[in-house]
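Note that this is a predicted model, so its numbers are computed, not measured.
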2 protein chains.
Amino acid sequence: MKTFFNVTDLDTVRSFTSLFPPVGTETVDVLEAAGRVAAQDFQAKENLPAFSRAIMDGYALKAASTFGASEANPAYITIKGGVPMGRRPDLSIGSGEAARISTGGALPEGADSVVMIEHAEALDNQTIEVYRSVAPGQHVVQVGEDFKIEDHLFSAGQRMRAQEAGLLAAFGIESVKVYKKARVGIISTGDEIVPITETPPYGKIRDINSYSLAAMIKAAGGIAVNYGIVNDDPVSLFGVCRKAHTETDMVIISGGSSVGVRDYTIEALSQLPTSEILAHGITISPGKPTILASAGHKPVWGLPGHVVSAMVVFEAVVKPFLNRINGADPKSSSHFQVSARMTRNVPSVLGRTDFIRVQLSDKNGEYWATPVLGKSGLIRTLVEADGLVAIDMNTEGLEKGANVNVILV
Amino acid sequence: MKTFFNVTDLDTVRSFTSLFPPVGTETVDVLEAAGRVAAQDFQAKENLPAFSRAIMDGYALKAASTFGASEANPAYITIKGGVPMGRRPDLSIGSGEAARISTGGALPEGADSVVMIEHAEALDNQTIEVYRSVAPGQHVVQVGEDFKIEDHLFSAGQRMRAQEAGLLAAFGIESVKVYKKARVGIISTGDEIVPITETPPYGKIRDINSYSLAAMIKAAGGIAVNYGIVNDDPVSLFGVCRKAHTETDMVIISGGSSVGVRDYTIEALSQLPTSEILAHGITISPGKPTILASAGHKPVWGLPGHVVSAMVVFEAVVKPFLNRINGADPKSSSHFQVSARMTRNVPSVLGRTDFIRVQLSDKNGEYWATPVLGKSGLIRTLVEADGLVAIDMNTEGLEKGANVNVILV
């Protein structure tokens, strides 16, 4: 056990993500791939498409047969037959010849382009007039135009979307190696907390954090495992913490915001095997009393008890660690933020990163962010908010009209 | 059966959402609430909190006892005891008196504020010096300060987030009425399509759309039900379509982009019970050949076969219908977009809404959108893209530097 009071700035805390390895891999069906993090690089194992295809209904021909064609001076083309869908064409196209073709049909030998049906007129069963010239390759997807064999498709660490799932299907990949979803243990502490199934007697409140944190964990791609409520008792807390640490990949202890319980939390965290306290206090607001320990290469957190503080700390600090152990590469799993302008001045304190809750409104196609005021014990302030705005530790606040990025919550 | 060729603009198509009712409701555990759409309004059934609580560690007292206190002229306060966590305090506070209290503790009778532990010093077990005055209510959350009994919490139609889940927990609500997730049937059509388990012979390709559409449906809060691949045959198509229409809440037929199959699709859609073709062609690109029918109060779609067209149409047109039948109120389930500026001119055609794929890059804290070029048959263009930008039907394109909203895909 090492322990020392160690207030750390946000960037330093975030840099500790690299201390923790991903939780391992598993194989899932391609239908479950979207939303998961790829655990392997993918390469094209064949050309896509494997044959040149028409992307319009019309006539497959040599582009040269249409050069110079116009309304006034159409090209006369002989129809040699049609291309059946889904089959290899059994005809070949010479100069001045064409084959009827539908979207998706394979180009016959000799043809290099397609004249759209709208730009030709049938004179009889054998002959068409073409009114516009086409360029070679026009209205055609060439062999390998989407991906060539051995092309890089996407990388391990990337969170797959619908299009990556479609791409796997295109190459006939039925199952895919992904990073496992990290299991995150949640422990609620405090003599004043009762399960939501109970009517709290005077002086107690229901357990909110287990539910809001579980929802945030799930939305961020983890699996929440609830360990219930532990009273302000160091032996019980260490016991449950040790169990959660054994059974899950990351542990969050929430609550323990009173002096005594904070001491129990740091004590429990310090007693875990190979434990090291990485941060004891973070220069953010709300959320300063946050504790981060590393134990057995797993992150273990002490989060503030106030619901808003706990949620802000989860979003700003814990989530990058969850992404890390979920295998997500921050470079290839981009997270884009919404831009807005502040509707009013917001003061802030130098030397800490302030996270303010904001409500967004759209004025003439531009978002404006209005701070939601209220103490960090009030869940209402997050129910009314659309997102968070971080105010850098090196500034004294934001001026009315300032451009900000909004983290949607 | 009514059928007529009926090219419709995007706004008109979107206005048809109101024709379709939500799919019904079910009850889920509060742990499953986040991400779901509430099917009832919620009201506070009690005050939150039910008692006034300290939000700092310190001393509960009457604010008036500290008025005028400073470093030079501290207030001397008598400690009457401590407030045990989670219990009703058994002491009352008079002028010049205080009780030790931890964050979350119930304020004793007579106290109206808390002096932070840092702003006081113990002289002995009975007496403290207070160096700063506090205002009434300071460092305290009052009874009902978060929500007062009968306050409106949130409304039916709202997609719940982690904070709404926490709010339900705060009021002891263990299960919640939500709209059911709509079941969406997917049918892939075309003689050229083979299952992804097969190696396609020359002229055929694997079924991509069933997988990319299923992932999009799931991400949008629906349940995808795959009905496999149907060949270009009107009897089979109608049979599968009818089955899917009976078993699900919305049906998407994708493919059928060749002339013959388009006819089969419109025929199948028209033959469904009480069918009405609402749109036969939409003035968007890609995706013009899209068909929308209403049959038995369910939306039934004919989507283009090109993967990019199908995905763009899903995002731009189908998704609002899925949200609608999933019970989501567009007003209370806000969807915020990312702003960016175009890195180059993009031409567009008057009279249709163009959806271009863009890649985003961050330059000095501002996003710039670069069009991803390529035919709508190329899934690569969506794999490389971060989002879509809509170019209004009344403009002839976007100029370099233009501000745009990006729909992340």
Side-chain angles (χ1 to χ4, degrees), chain A residues 30-31 34 49 51 55 57 85-88 102-104 106 141 145-147 154 162-167 169-170 172 174 190-192 196-197 202-208 211-212 214-216 218-219 232 257-259 305 307 311 334 336 338-339 360 375 377-380 382-383 386 408, chain B residues 30-31 34 49 51 55 57 85-88 102-104 106 141 145-147 162-167 169-170 172 174 190-192 196-197 202-208 211-212 214-216 218-219 232 257-259 305 307 311 334 336 338-339 360 367 375 377-380 382-383 386 408:
Chain A
V30 60
L31 276 170
F51 57 95
I55 53 170
D57 296 331
M85 276 307 274
R87 277 191 273 156
R88 185 189 289 274
S102 293
T103 303
V141 172
E145 187 175 339
D146 210 347
F147 288 95
F154 57 89
Q163 46 269 60
E164 280 81 27
L167 189 54
E174 295 169 66
D191 281 348
E192 78 280 23
I196 70 163
T197 48
Y202 194 94
K204 295 191 195 276
I205 59 166
R206 294 192 188 87
D207 177 20
I208 302 181
Y211 294 84
S212 51
M216 293 185 94
K218 196 173 161 192
D232 292 349
S257 34
S258 67
V259 183
V307 55
M311 290 181 71
S334 314
F336 300 105
V338 166
S339 311
L360 291 174
K375 297 158 181 160
L378 305 180
I379 193 168
R380 171 174 51 78
L382 269 175
V383 170
D386 296 308
L408 297 180
Chain B
V30 59
L31 277 170
F51 56 94
I55 54 171
D57 296 332
M85 276 306 275
R87 277 189 276 155
R88 185 190 289 272
S102 293
T103 304
V141 172
E145 187 175 340
D146 210 347
F147 288 94
Q163 46 269 58
E164 280 81 26
L167 188 55
E174 296 169 65
D191 282 348
E192 77 279 24
I196 70 162
T197 47
Y202 194 95
K204 295 190 195 277
I205 60 166
R206 293 192 188 88
D207 177 20
I208 302 180
Y211 294 85
S212 52
M216 293 185 94
K218 196 173 159 189
D232 293 348
S257 31
S258 67
V259 183
V307 56
M311 289 180 72
S334 314
F336 299 105
V338 166
S339 310
L360 291 174
Y367 294 121
K375 297 158 183 160
L378 305 179
I379 193 169
R380 172 174 51 77
L382 268 175
V383 170
D386 296 308
L408 297 179

Give, as side chain, backbone, both or neither, the part of [X] having an atom under 4.5 angstrom from any heavy atom of chain B.
X	result
Val383(A)	both
Met216(A)	both
Arg87(A)	backbone
Ala214(A)	side chain

Between [atom1] on residue [X] and [atom2] on residue [Y], distance to nearest 0.5 Å:
X	Y	atom1	atom2	answer
Leu378(B)	Phe147(A)	CG	CZ	9.0 Å
Gln163(A)	Ile208(B)	CD	CD1	12.0 Å
Lys204(A)	Met85(B)	NZ	CE	9.0 Å

Heavy atoms of Ala169(A) and Arg206(B) approach each other most closely as O-CD, 3.4 Å

Identify the heavy atoms of Leu31(A) and Lys218(B) that sit nearest to each other, and give their distance.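 Minimum heavy-atom separation between Leu31(A) and Lys218(B): O-NZ, 4.3 Å.
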
From the list Leu167(B), Ile379(B), Val338(B), the residue making the most non-hydrogen contacts under 4.5 Å with chain A is Ile379(B)

Who among Val30(A), Ile205(A), Val141(A) has the most heavy-atom pairs with chain B under 4.5 Å? Ile205(A)

Taking every non-hydrogen pair under 4.5 Å, which of Gly203(A), Ala106(A), Pro49(A), Ala215(A) racks up the most with chain B? Gly203(A)

Using heavy-atom distances under 4.5 Å, tell me whether Leu408(B) contacts chain A through its side chain, its backbone, both, or neither.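 For Leu408(B), the side chain is the part near chain A, not the backbone.
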
Side chain, backbone, both or neither of Arg380(B) within contact of chain A (heavy atoms, under 4.5 Å): both

So Phe51(A) and Tyr202(B), would you call those rings parallel, tilted or perpendicular, with 30° and 60° as cut-offs?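 It falls in the tilted class, 30° to 60°.
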
